[in-house]
Amino acid sequence: MLSADLISLLRCPETLQPLRAATAEELARAQLAEGLVRADGMVVYPVREGIPMLLVDEAVRLNG
């Protein structure tokens, strides 16, 4: 997983909200092994091979 220092620097490319490491529940809902969640909890960005995919087209929307 990414370091907390690095995650604290990252922002959502769509809204510029801060990101945090996804919980196990959020990862299961998004069907991802690793990811970063936007502060509002509505979007997960996948992390593949240690690289965050911070592209709007890569985002997985979480419903409710």
Using a 3.5 Å cut-off and no angle test, enumerate the donor-acceptor pairs between side-chain atoms of residues 37-47 and protein atoms at least two apart in sequence or in another chain.
| residue | atom | partner | partner atom | Å |
| --- | --- | --- | --- | --- |
| Arg38 | NE | Asp40 | OD1 | 3.0 |
| Arg38 | NE | Asp40 | OD2 | 3.3 |
| Arg38 | NH1 | Glu14 | OE1 | 3.2 |
| Arg38 | NH2 | Asp40 | OD2 | 3.0 |
| Asp40 | OD1 | Met42 | N | 3.0 |
| Asp40 | OD2 | Gln17 | NE2 | 3.3 |

Considering residues at least two apart in sequence or located in another chain, which fulfil the side-chain hydrogen bond (donor to acceptor under 3.5 Å, both in side chains) criterion with [X]?
| X | value |
| --- | --- |
| Glu58 | Arg48 |
| Asp57 | none |
| Arg20 | Glu26 |

- Item | Heavy-atom pair of closest approach, residues Leu19 and Ile7 | O-CG2, 3.4 Å
- Message: Which Ile, Leu, Val, Met, Phe, Trp or Tyr residues join Met53 in one cluster when any pair of side-chain heavy atoms under 4.5 Å counts as a link?
- Response: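 Ile51, which link up through side-chain heavy atoms under 4.5 Å apart, make up the rest of the cluster.
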- Item | Contacts of type side-chain contact (heavy atoms from CB on, under 4.5 Å), residue Ser3, not counting sequence neighbours | Asp5, Leu6
- Is there a side-chain contact between Pro13 and Leu55, using heavy atoms and a 4.5 Å cut-off?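 Pro13 does not reach Leu55 side chain to side chain.
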- Item | Value rounded to 0.5 Å, distance of CG in Leu62 from CG in Leu27 |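 Atom-to-atom, Leu62:CG and Leu27:CG are 9.5 Å apart.
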